[in-house]
Amino acid sequence: METLQIGGVSSRALADQYGTPLYVYDENKIRKQAAAAMANFRSKQFDTEVVYASKAFSCAALFRLLAAEGLGFDVVSGGELYCAMRIGADMKKVYFHGNNKSDQEIEMGLDAGIGYFVVDNMMECARLFDIAERKRLQTKALLRINPGISAHTHEYIMTAAPDSKFGIYIENRQQIDAVIQKLSRSKYVKFAGFHSHIGSQIVDAGSFTKALDTMIDFLAEMKREQDLDNLELSIGGGFGIRYVEADAPLPLGEMCKTLISHTERRLAEKDVHLSKLITEPGRAMVGEAGCTLYTIGDMKESGDKNYIFVDGGMSDNIRHALYDAEYTGVLANKCDRPSEKTYCIAGKNCESGDILIADMQLPKAAPGDLLAVLSTGAYGYSMASNYNRLGRPAVVFAKDGQARLIIRRETYEDQYRLEV
């Protein structure tokens with residue numbers, strides 16, 4: 001009987017040793033994605049930097065791996081920044097994002113010597129200005145611009161509609177000019193350029209090249225109107241991955257190469273210069289490298305549905321419940337058997353919406369079988385919760401036939417440790 005192998009390790013052996021639910025990452029797949037991005041996001045015309053979007057999944061082991069591959073880090077909280085500090089990351093390659101950074105988080109970033117704050121709005125700009133002046137600590141700032149590009153993705157992960165919560169809308173020149181003027185008066189915060197991001201799980205290059213066209217036109221206007229040139233530009237991330245068979249994302253390396261060549265061509269056409277181009281892959285770095293192993297428990301027929309209940313659910317993967325995200329998977333201990341039946345894969349959380357996969361063709365399943373849900377490496381662990389007081393699963397890296405535990409399973413004692 002064929003059993004699914006992950007990083008050269010039997011999924012059954014992983015489940016037996018570490019228990020289920022279990023997040024498992026093929027470490028070589030992460031390294032391959034990192035290498036593809038680093039090799040293809042390069043230009044002879046300007047500097048480049050690949051920055052990992054930590055919100056997809058953050059932990060010390062992953063940060064060490066990516067830092068060794070040469071990546072920087074995009075953090076959106078003091079907690080993510082702390083992880084980068086803990087592993088000794090190069091702070092000059094850390095970008096602090098977010099639309100409501102606290103004063104404490106700003107101070108933490110300044111004290112750590114991070115390279116960049118991505119400024120979301122005028123109030124944040126003023127607070128960053130004041131805190132940096134008071135502490136006499138230097139940093140750089142990128143102003144987040146909302147380019148108004150409608151990417152083809154779910155509305156909850158679309159970030160550049162004109163009324164988005166993120167950044168300053170590109171046509172609101174009064175606010176944009178006010179931020180630039182404010183930062184130009186700072187002795188400690190250097191205005192370095194602009195940032196944009198249009199959404200997540202975008203599988204074609206067209207939306208990104210459209211955003212680049214918009215931002216380069218904007219840079220040309222900044223050069224003409226304010227004599228600003230040779231700035232830095234972050235084009236964000238949001239590169240999609242394959243969740244189901246119908247998905248056909250452009251590979252990360254090809255996407256990076258396309259964005260570089262398009263940027264070079266458009267800069268020449270507009271007579272604009274960049275000092276640095278930055279990109280922030282997150283999901284594309286880790287998503288397909290990860291899967292989640294579950295043990296099948298009870299099963300039942302209810303109306304026209306055949307339910308399989310697994311020992312996890314929305315507490316370890318909320319994406320289907322949150323925005324109808326689609327997944328596929330396999331019976332990990334019956335990979336060689338043909339599909340016979342359509343099942344609804346449901347979790348054990350006390351919610352009708354606790355569904356992982358609404359309809360899935362599988363071989364005939366039985367309690368005790370091992371189900372592997374694929375492409376769960378992004379936004380699984382990072383969005384996990386203790387709903388119903390379920391503990392967060394363990395996380396394992398598998399590579400070349402060996403497995404190592406990188407995050408242990410959460411115990412009942414762990415869940416109650418903060419109570420007084």
Side-chain angles (χ1 to χ4, degrees), residues 49 51-60 63 67 72-146 159-160 163-170 172-197 231-234 236-237 278 280 282 382-383 385 417-420:
E49 191 152 75
V51 179
Y52 173 64
S54 304
K55 65 179 183 174
F57 173 50
S58 61
C59 71
F63 275 29
F73 296 96
D74 149 10
V75 303
V76 297
S77 71
E80 290 181 356
L81 173 57
Y82 179 81
C83 188
M85 295 167 62
R86 185 178 179 187
I87 64 101
D90 182 353
M91 289 294 111
K92 297 304 179 186
K93 296 168 71 173
V94 171
Y95 295 69
F96 203 145
H97 288 248
N99 63 296
N100 191 29
K101 304 175 189 72
S102 68
D103 288 356
Q104 291 77 16
E105 287 174 323
I106 292 174
E107 290 188 9
M108 183 179 178
L110 288 168
D111 289 339
I114 66 170
Y116 297 83
F117 284 86
V118 179
V119 173
D120 180 83
N121 55 71
M122 187 61 205
M123 294 181 90
E124 180 191 318
C125 172
R127 290 189 298 113
L128 175 61
F129 181 101
D130 291 342
I131 295 170
E133 296 287 318
R134 171 169 54 80
K135 297 181 75 70
R136 298 184 178 181
L137 293 173
Q138 294 188 336
T139 190
K140 294 181 181 179
L142 300 177
L143 173 58
R144 180 160 181 170
I145 299 295
N146 173 358
T159 61
D163 59 353
S164 171
K165 65 176 269 190
F166 296 108
I168 299 177
Y169 185 46
I170 195 167
N172 194 336
R173 296 306 171 87
Q174 184 176 359
Q175 285 191 31
I176 292 169
D177 292 347
V179 171
I180 295 172
Q181 290 169 17
K182 178 74 172 178
L183 293 178
S184 70
R185 297 194 296 271
S186 175
K187 298 177 182 178
Y188 299 99
V189 183
K190 178 185 177 183
F191 171 68
F194 299 99
H195 175 279
S196 69
H197 181 77
L231 297 172
E232 301 183 27
L233 174 64
S234 173
I278 305 141
E280 301 163 355
S382 66
M383 298 180 80
S385 74
R417 71 189 183 279
L418 300 180
E419 295 195 12
V420 296

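Partners of Ser234 under the side chain to side chain donor-acceptor pair (under 3.5 Å) rule, at least two apart in sequence or in another chain, are Glu280. Take Ala132 and apply the side chain to side chain contact (heavy atoms under 4.5 Å, CB included) test, not counting sequence neighbours, and it matches Leu110, Tyr188, Val189. Residues satisfying the side chain to side chain contact (heavy atoms under 4.5 Å, CB included) criterion with Ala178, sequence neighbours excluded, are Met122. Cys83 is linked by a side chain to side chain contact (heavy atoms under 4.5 Å, CB included) to Phe63, counting only residues two or more places apart in sequence or in another chain. Residues meeting the side chain to side chain contact (heavy atoms under 4.5 Å, CB included) test with Glu419, sequence neighbours left out: Arg389, Tyr416. Partners of Tyr52 under the ring pair (Phe, Tyr, Trp, His ring centres under 6.0 Å) rule, at least two apart in sequence or in another chain, do not exist in this structure. Residues meeting the side chain to side chain donor-acceptor pair (under 3.5 Å) test with Ser186, sequence neighbours left out: Glu133.
Under the salt bridge (charged side-chain N to carboxylate O under 4.0 Å, His left out) criterion, the residue pairs touching residues 103-116 are Asp103-Arg127, Glu107-Arg134, Asp111-Lys135, with sequence neighbours excluded. Residue pairs meeting the side-chain hydrogen bond (donor to acceptor under 3.5 Å, both in side chains) criterion with at least one partner in residues 113-125, sequence neighbours excluded, are Lys101-Glu124, Tyr116-Glu232, Tyr116-Lys276. Within the structure, the side-chain hydrogen bond (donor to acceptor under 3.5 Å, both in side chains) test picks out no pair touching residues 78-87 (sequence neighbours left out). Every pair passing ring-ring contact (aromatic ring centres under 6.0 Å, His included) that includes a residue from residues 117-146 is listed here, sequence neighbours excluded: Phe96-Phe117. Applying the salt bridge (charged side-chain N to carboxylate O under 4.0 Å, His left out) definition to pairs two or more places apart or across chains, those involving residues 173-190 are Arg173-Glu221.
Here Leu233 contributes atom CG and Ile145 contributes atom CD1; the two are 10.0 Å apart, rounded to the nearest 0.5 Å. Once rounded to the nearest 0.5 Å, the distance linking CG of Leu128 with CG of Leu183 reads 7.0 Å.
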Open item on the list: Determine whether His197 and His97 satisfy the following criterion, ring-ring contact (aromatic ring centres under 6.0 Å, His included), listing intermediate values before the conclusion.
Closed with: CA-CA 11 Å; His197 181 77; His97 288 248; 8.2 Å; no

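Under a cut-off of 6.0 angstrom, the local environment of NZ in Lys55 is sparse, with at most 12 non-hydrogen atoms contributed by other residues, nucleotides or ligands.
Looking only at side-chain heavy atoms (C-beta outward), Ile176 and Gln174 stay at 4.5 Å or farther from each other. The closest side-chain heavy-atom distance from His195 to Tyr95 is not below 4.5 Å. Side-chain contact between Phe191 and Leu231 is present, with heavy atoms from C-beta onward closer than 4.5 Å. A 4.5 Å side-chain heavy-atom check between Val118 and Asp74 finds every atom pair outside the cut-off.
Checking Ile180, Leu143, Val179 one by one against Cys125, the side chain to side chain contact (heavy atoms under 4.5 Å, CB included) holds for a single residue, Val179.
Scanning all heavy atoms of the two residues, the minimum distance from Val94 to Ala84 falls at CG2-CB, 4.4 Å. Considering all non-hydrogen atoms of both residues, Gly282 and Ala56 come closest at C-CB, 3.7 Å.
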